[in-house]
There are 2 protein chains.
Amino acid sequence: MLKLTKRFKLRYELNNQDFCNSFAKILIGKCYNTLLKIDLSVKNEILKYLSKYTTITRELENAIKENTFIKSFGKGTTLLSEGEISTECYFLLKGCIRSYIIENGEEKTIEFYTEEQVVTPSNYGKATPSNYYFECMENVIVSVGNPELEKETFQKHPQLDSLSRVIAEIIMAKNQDSFAKFKTSNPEERYLNMLKTRPELVQRVPQHQIASYLGVKPESLSRIRKRIISNK
Amino acid sequence: MLKLTKRFKLRYELNNQDFCNSFAKILIGKCYNTLLKIDLSVKNEILKYLSKYTTITRELENAIKENTFIKSFGKGTTLLSEGEISTECYFLLKGCIRSYIIENGEEKTIEFYTEEQVVTPSNYGKATPSNYYFECMENVIVSVGNPELEKETFQKHPQLDSLSRVIAEIIMAKNQDSFAKFKTSNPEERYLNMLKTRPELVQRVPQHQIASYLGVKPESLSRIRKRIISNK
DNA sequence: TCACTTCATTGACTAAAGTTAAGAAATTAT
DNA sequence: ATAATTTCTTAACTTTAGTCAATGAAGTGA
């Protein structure tokens with residue numbers, strides 16, 4: 001039940017599969033048509049995601065087609081640093097992105113983003129500097145948005161305004177639930193919940209980062225794990 | 001600096017001022033024009049809030065005019081219970097609403113909403129039952145939304161789609177920041193932060209509810225306060 | 001105003017998390 | 001493959017939070 005094993009194999013696979021390698025460290029650029037020739041699965045990812053929230057009409061498909069840009073970043077890339085203005089947001093197609101702050105010389109992980117999640121720094125599109133760092137934990141493939149592109153897209157395709165609003169509201173509801181869950185749990189319950197809801201993540205990222213993500217020190221998480229194993 | 005005094009006076013005032021009494025426990029109903037005659041300040045509240053995010057055009061003003069409904073609830077009213085379907089969301093004009101869960105017979109406060117905040121249960125507009133209770137801590141005046149009204153409004157006034165999306169994104173960014181702050185703080189820091197960012201709230205709600213809101217037991221918050229006072 | 005209830009504080013004790021330091025294991029780089 | 005580095009675990013000890021129980025203060029209702 002509880003998977004407390006090594007993550008070496010999984011991370012190796014994640015960083016070496018064909019799908020990932022075919023894009024690594026290359027800016028692919030404006031894209032949908034190009035992508036079709038390169039890898040159909042990226043198209044499918046985006047449409048699969050959107051089809052959860054709306055009917056994919058011919059018109060919508062065209063809107064997506066015209067306005068989807070794909071970028072790829074190598075493992076370890078810092079997408080945004082503290083103090084910087086954020087001009088990009090991402091839809092994560094492949095890989096893992098971590099946001100964190102540095103406090104008293106110590107990294108504190110705020111969030112891990114994985115496939116099909118939207119990564120929007122809280123200062124995105126604003127003139128204020130970022131409080132957070134965003135870093136690629138693995139080789140990453142994303143669909144990129146920026147304020148100018150958004151503006152253009154929303155003007156050309158007003159139906160996307162409504163879709164975005166709906167998706168924003170859904171994401172917000174999920175965030176609220178996560179926050180509530182966090183507030184009403186202790187560290188052990190948070191870890192157990194994470195094993196249940198995001199088991200693959202536990203294998204993909206180092207444990208000391210999970211610790212701060214759960215609001216405890218690495219030593220405490222180590223003890224929590226020990227406790228869990230011994231208690232059954 | 002640290003306001004650790006009694007909250008009786010403040011609560012008394014909040015529940016007795018003219019503004020509040022003029023609406024108390026009355027469903028005012030469809031509204032903007034009527035409201036103008038009853039109390040201009042409600043109109044001003046809504047327009048003031050929206051003017052932060054957009055230019056108030058004649059058209060927008062009309063859209064608001066047609067689609068704003070006001071309701072008033074007495075202190076202690078439960079707006080939504082666990083297990084219920086949520087069919088209303090609110091924009092809080094006056095008063096305080098608390099969301100909480102009951103776990104092992106114990107109430108755990110998730111959020112306190114006050115003036116100018118949007119109250120959207122995470123199951124609002126969905127077929128799933130609520131995980132939370134929403135309760136009025138004081139007499140409350142809200143602008144009410146429901147899915148049918150929203151649909152109608154957005155169809156009639158597509159420009160509101162965009163405004164709503166923008167506001168949703170801003171609220172989401174704020175929520176993310178709050179969550180990050182919570183994760184990276186210990187209980188004492190959370191309390192100090194609350195005194196700084198929402199000092200009036202500390203006076204308006206009982207301390208044991210603040211405790212669970214900060215993720216600790218009432219006894220611990222009591223000790224934290226003691227520590228803070230003695231440490232300066 | 002008095003009785004009743006809820007809420008806040010305190011104390012004694014237990015459990016869990018933070019701190020510091022050391023060493024083992026895993027991962028990465030050469 | 002080996003060395004260097006990072007990550008994880010363990011231990012001893014300190015600090016803080018949880019638990020249970022008692023008491024006093026504040027708030028509520030008759």
Side-chain angles (χ1 to χ4, degrees), chain A residues 3-16 74-76 98 100 103-109 135 137-139 182-192 202-231, chain B residues 2-16 74-76 98 103-109 135 137-138 183-192 202-231:
Chain A
K3 290 189 177 178
L4 304 174
T5 56
K6 315 295 145 49
R7 61 179 200 284
F8 176 74
K9 261 192 201 165
L10 181 56
R11 293 174 82 181
Y12 184 82
E13 285 161 19
L14 283 164
N15 282 305
N16 285 278
K75 177 176 173 175
R98 175 175 77 109
Y100 63 95
E103 219 173 61
N104 311 325
E106 198 181 10
E107 286 186 8
K108 297 187 176 180
T109 297
E135 176 202 41
M137 302 291 295
E138 306 162 355
N139 290 338
F182 190 94
K183 261 189 192 170
T184 58
S185 306
N186 62 33
E188 179 170 331
E189 290 163 340
R190 285 176 206 152
Y191 183 67
L192 289 170
V202 180
Q203 314 296 116
R204 283 169 79 169
V205 300
Q207 188 173 303
H208 68 281
Q209 292 179 356
I210 293 177
S212 66
Y213 174 68
L214 299 177
V216 295
K217 302 285 164 188
E219 298 89 338
S220 293
L221 179 54
S222 189
R223 280 191 218 106
I224 289 168
R225 282 161 46 86
K226 198 178 171 185
R227 217 155 59 207
I228 292 172
I229 294 168
S230 69
N231 287 357
Chain B
L2 301 179
K3 291 188 176 178
L4 304 173
T5 56
K6 315 297 145 49
R7 63 182 199 284
F8 176 73
K9 262 192 202 166
L10 181 57
R11 295 173 81 182
Y12 184 82
E13 284 161 18
L14 283 164
N15 283 303
N16 286 276
K75 177 176 172 175
R98 175 176 77 108
E103 220 174 61
N104 310 325
E106 198 180 11
E107 285 185 9
K108 296 187 177 181
T109 297
E135 175 201 41
M137 302 292 293
E138 305 163 355
K183 262 189 192 169
T184 58
S185 307
N186 62 33
E188 180 170 329
E189 291 164 340
R190 286 175 205 152
Y191 182 67
L192 289 170
V202 180
Q203 314 296 117
R204 282 167 79 169
V205 300
Q207 188 173 302
H208 68 280
Q209 291 179 356
I210 293 177
S212 67
Y213 174 67
L214 299 177
V216 294
K217 302 285 163 187
E219 297 92 333
S220 293
L221 178 55
S222 188
R223 283 192 212 103
I224 288 168
R225 282 161 45 87
K226 199 178 170 184
R227 217 157 56 208
I228 291 172
I229 294 169
S230 68
N231 287 357

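Bear in mind the structure is a predicted one, so any value in this text is a computation, not a measurement. So you know, we letter chains A, B, ... as the sequences are listed, proteins then strands, and number each from 1.
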All side-chain contact (heavy atoms from CB on, under 4.5 Å) counterparts of A:Ser185, not counting sequence neighbours: A:Lys181, A:Glu189, A:Arg190
Close side-chain approach of A:Lys217 and A:His208, heavy atoms under 4.5 Å: no
Of residues 212-222 of chain A, the positions that come close to DNA chain D - non-hydrogen atoms, cut-off under 4.0 Å: A:Glu219, A:Ser222
Listed partners of A:Lys226 passing salt bridge (Lys or Arg N to Asp or Glu O under 4.0 Å), at least two apart: none
Nearest to side-chain heavy atoms of A:Arg223, which nucleotide of D:dT28, D:dT10, C:dT19: C:dT19
Residue-phosphate contact under 4.0 Å: A:Arg227 side-chain N/O, C:dA17 OP1/OP2: yes
Any A:Arg225 side-chain nitrogen or oxygen under 4.0 Å from OP1 or OP2 of D:dT9: yes
Nearest-angstrom distance from the residue atom CD of A:Gln203 to P of C:dA26: 14 Å
Proximity to the side chain of B:Lys226 - top-ranked nucleotide from C:dT10, D:dA11, D:dT7: C:dT10
Short side-chain N/O contact from B:His208 to OP1 or OP2 of C:dT6, under 4.0 Å: no
With B:Lys108 via salt bridge (Lys or Arg N to Asp or Glu O under 4.0 Å) - residues at least two apart: B:Glu103
side-chain N/O A:Gln207 vs D:dT9 OP1/OP2, d < 4.0 Å: yes
Test side-chain contact (heavy atoms from CB on, under 4.5 Å) applied to A:Arg223 - qualifying residues, sequence neighbours left out: A:Glu219, A:Ser220
For A:Glu188, all residues meeting side-chain contact (heavy atoms from CB on, under 4.5 Å), sequence neighbours excluded: A:Asn186, A:Leu192, A:Ile224, A:Arg227, A:Ile228
Difference in axis direction between the ends of the helix from C:dT1-D:dA30 to C:dT30-D:dA1, five pairs, 10°: 60°
Sidechain N-carboxylate O distance under 4.0 Å for B:Arg98, B:Glu107: yes
Flag, side chain of B:Thr109 to backbone of B:Ser212, donor-acceptor distance under 3.5 Å: no
